[in-house]
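The structure under discussion appears below in the form of structure tokens.
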Protein chains: 2
Amino acid sequence: MRRSTLEEVAALAGVSKMTASRALRGASDVAPETGERVRQAAKSLSYVGNRLALSLSSQRTNLVAVVVPSMSNTVFPEVLSGITTGLEGSGMQAVFGISDYDTDKERDIIRDMLSWQPSAIIVTGLDQPEETVRMLKLADIPVIQLMDLDGTPVDFNVGLSHGDAGRDMAVALLAAGRKKIAYVGSALEKDLRAVKRKSAFAKVLAAQGLAFAAEQLDDDFSSIALGKRLTTRLIAAKPDIDCIYYSNDDMAAGGLFACMEHGIAVPSQIVLAGFNGLDLTDSLPAPIATSKSPRRAMGEAAARLITDAMANGGVSGPKTIVFKPPIIGLGVA
Amino acid sequence: MRRSTLEEVAALAGVSKMTASRALRGASDVAPETGERVRQAAKSLSYVGNRLALSLSSQRTNLVAVVVPSMSNTVFPEVLSGITTGLEGSGMQAVFGISDYDTDKERDIIRDMLSWQPSAIIVTGLDQPEETVRMLKLADIPVIQLMDLDGTPVDFNVGLSHGDAGRDMAVALLAAGRKKIAYVGSALEKDLRAVKRKSAFAKVLAAQGLAFAAEQLDDDFSSIALGKRLTTRLIAAKPDIDCIYYSNDDMAAGGLFACMEHGIAVPSQIVLAGFNGLDLTDSLPAPIATSKSPRRAMGEAAARLITDAMANGGVSGPKTIVFKPPIIGLGVA
DNA sequence: CATGTTACCGATACCGGTACCGTTATCATG
DNA sequence: CATGATAACGGTACCGGTATCGGTAACATG
């Protein structure tokens with residue numbers, strides 16, 4: 001019992017392939033009665049259709065390639081979720097790839113994705129190496145770079161400025177009276193956006209004649225457990241700090257748990273600050289400050305950009321969509 | 001500057017399409033010098049290749065379709081991550097779809113995925129409606145049903161018994177001396193596996209002449225915030241309980257935060273129990289009991305099943321892979 | 001020197017659809 | 001009744017690759 005083809009459906013309905021094709025696509029130029037016969041035949045054969053043939057023949061696919069660096073914290077799954085809901089009803093299909101924060105792997109994945117002739121491609125960040133950028137340009141489809149704005153986009157750009165986010169957080173924490181600020185980060189050699197936040201933050205400190213009072217770094221990827229571990233180490237080494245800036249919320253949440261374990265009052269004694277605004281943060285037993293990045297919204301914006309471009313047969317609005325993450329969890333900001 | 005085709009590469013290298021094809025695939029039957037010339041031509045044209053044509057012609061794809069119900073808590077992203085790493089190096093490519101716990105949507109997504117002629121398909125759970133099962137059977141490719149074992153699989157089956165998990169947790173909690181056990185759950189009309197855990201749990205209670213001392217349910221999907229809210233409500237209504245079984249760890253973590261806020265000692269006064277064994281759980285300021293489900297491992301097992309089936313040209317080992325989630329966070333179990 | 005072998009390459013026929021154009025039948029119109 | 005318009009359908013040529021078979025040249029072999 002093999003997969004049946006359009007030809008078989010057509011034969012069963014007593015028409016030509018062409019008519020069957022038209023009927024199943026709901027096109028005109030088909031007599032109602034004939035159309036019904038074809039649909040019956042298709043159903044009785046459980047005909048499914050072959051998108052490979054469809055796309056090869058019609059020279060268009062409904063594919064949107066999406067490349068994200070990771071799946072291990074919730075941020076990218078949420079972005080993906082936003083993309084798929086944004087694509088819903090448009091007939092587009094998102095295809096995902098995970099690069100593990102590895103630029104070589106990212107290049108290979110993008111190449112592989114492009115070979116499926118997608119109608120658009122969404123990649124994370126603006127820091128692709130030149131070779132990857134060349135491939136993206138050559139693909140001659142809408143390219144959307146997501147999450148980050150600090151750099152030169154290939155084409156479309158949707159995201160937020162991580163530099164601004166780091167700067168704003170530093171300003172807010174200083175305004176809240178914090179002076180001895182430490183930094184806790186993970187996998188900074190991979191997570192370029194965290195680096196951007198950190199250095200913008202440091203720049204604000206420097207402008208006030210300050211610097212990070214201490215640092216704890218690790219090569220592992222961010223996690224609550226790692227945040228807890230590094231924070232424990234940090235407060236042992238440098239007990240007199242009054243604030244910790246983390247590379248993200250996972251780390252900060254772990255930091256909170258470490259503080260609770262060591263009887264450190266948050267936020268009165270030490271203020272903890274992260275990035276992302278994970279749902280987690282507003283259920284925590286003590287507040288942590290964070291920049292609330294609109295992950296779903298960015299995904300949906302990217303999706304809308306694509307559906308628009310497909311519909312209008314080209315660009316209509318601006319090529320860059322800017323989000324500004326508000327700082328929450330700091331009481332009066 | 002259009003996308004170049006194999007034909008153009010061949011022309012530039014001064015050979016036929018066929019030879020170019022062979023050269024780029026690294027096949028034999030090509031003189032080393034000719035191969036080099038073709039590769040040069042391909043590179044100079046930034047040739048990418050058209051997988052649509054490749055797959056249509058060769059009648060095989062490197063696609064593995066994966067359908068999961070959600071992306072909003074970390075469990076499915078972790079499973080996906082396991083699948084992609086398990087597929088790594090095999091040349092297979094995972095394609096994801098999200099069904100939002102909606103069986104109709106799941107059917108449509110599966111149909112759509114099948115139209116891409118994937119080499120295998122992974123779906124979540126065993127509770128697909130008949131029509132969906134029929135489609136899966138007709139696809140005539142390896143079908144893997146993931147996460148759950150309680151039911152009749154279409155083909156391959158990788159997962160754990162949620163009935164057993166619920167039962168074991170009930171037994172463990174009773175053995176720990178808990179008597180007044182409440183239940184807190186979310187979206188039970190959608191999350192069939194949570195229902196299986198709950199009813200197996202309830203059955204154990206019933207066998208001891210017990211029943212849930214209280215219940216808090218909600219239609220929303222699970223989240224830490226929801227767990228916190230429902231738990232707050234629960235302990236207000238029924239302060240004398242000594243244990244809460246949650247539909248999963250997100251809810252339980254929220255429950256913990258609620259308890260902390262109300263000065264309830266965990267686990268001495270109330271034991272909290274969830275399901276999944278999220279990484280989060282072992283950094284929490286107080287222990288919560290949970291069944292540690294091997295999410296990555298299940299994904300990888302499914303992937304390996306597929307790569308094996310592709311390599312051996314058929315089935316080799318058993319069609320069912322059983323995982324047994326250990327209970328952690330209960331001190332002496 | 002005739003006859004394999006082997007290495008390398010090309011022609012042709014698909015794969016399963018759609019685009020495009022042409023054909024036929026039917027019917028209204030002048 | 002010839003003509004044109006329109007509706008419904010079919011034929012053919014692709015889309016960009018690969019499978020398959022066959023051909024040619026170079027070389028070894030008896």
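Keep in mind the model is a prediction, meaning the values are calculated, not measured.
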Answer with base, sugar-phosphate or nothing: what part of the nucleic acid does A:T34 contact at a heavy-atom distance below 4.0 Å?
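Sugar-phosphate, backbone atoms only, no base.
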
Which residue pairs pass the salt bridge (Lys or Arg N to Asp or Glu O under 4.0 Å) test with at least one member in [range], sequence neighbours excluded?
range: residues 45-55 of chain A; result: A:R51-B:D112
range: residues 76-98 of chain B; result: A:K105-B:E88, B:E78-B:R295
range: residues 19-31 of chain B; result: none
range: residues 36-46 of chain A; result: A:E33-A:R37, A:E36-A:R39

Residue pairs passing the side-chain hydrogen bond (donor to acceptor under 3.5 Å, both in side chains) test where at least one lies in residues 4-16 of chain A, sequence neighbours excluded
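side-chain hydrogen bond (donor to acceptor under 3.5 Å, both in side chains) check on residues 4-16 of chain A returns A:S16-A:T19.
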
Starting at atom CE of B:M18, determine the distance to atom P of C:dG10, rounded to an integer number of angstrom.
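Those two atoms, CE and P, are 10 Å apart.
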
Strand contacts (DNA chain C) in residues 5-17 of chain B, 4.0 angstrom heavy-atom criterion:
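Of all residues in residues 5-17 of chain B, the ones placing a heavy atom under 4.0 Å from DNA chain C are B:V15, B:S16.
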
Using heavy atoms and a sub-4.0 Å distance, could you list which residues of residues 37-54 of chain A are near DNA chain D? By number, please.
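None, since no heavy atom is under 4.0 Å.
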
Pairwise ring-ring contact (aromatic ring centres under 6.0 Å, His included) hits with a residue in residues 48-89 of chain A, at least two apart
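Qualifying pairs: none.
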
Output every pair passing ring-ring contact (aromatic ring centres under 6.0 Å, His included) with a member in residues 97-146 of chain B, not counting sequence neighbours, ordered by first then second residue.
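Listed by first then second residue: B:Y101-B:F221.
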
Using the test salt bridge (Lys or Arg N to Asp or Glu O under 4.0 Å), find all partners of B:D155 that sit at least two apart in sequence or belong to another chain.
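Salt bridge (Lys or Arg N to Asp or Glu O under 4.0 Å) list for B:D155, sorted by chain: B:K319.
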
A:K17: partners by salt bridge (Lys or Arg N to Asp or Glu O under 4.0 Å), with sequence neighbours left out:
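Not a single residue meets the salt bridge (Lys or Arg N to Asp or Glu O under 4.0 Å) criterion with A:K17.
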
When you match A:R22 and B:A31 each to their closest nucleotide on DNA chain C, which lands nearer the 5' end?
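Result: B:A31.
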
Spell out, as yes or no, whether a donor-acceptor pair under 3.5 Å connects the side chain of B:S44 to the backbone of B:A41.
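Side chain of B:S44 to backbone of B:A41, a donor-acceptor pair under 3.5 Å: yes, one is there.
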
Taking any atom closer than 4.0 angstrom to a non-hydrogen atom of chain A, what span of DNA chain D does the protein reach, first nucleotide to last?
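Contact boundaries, 5' end first: D:dA8 to D:dG16.
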
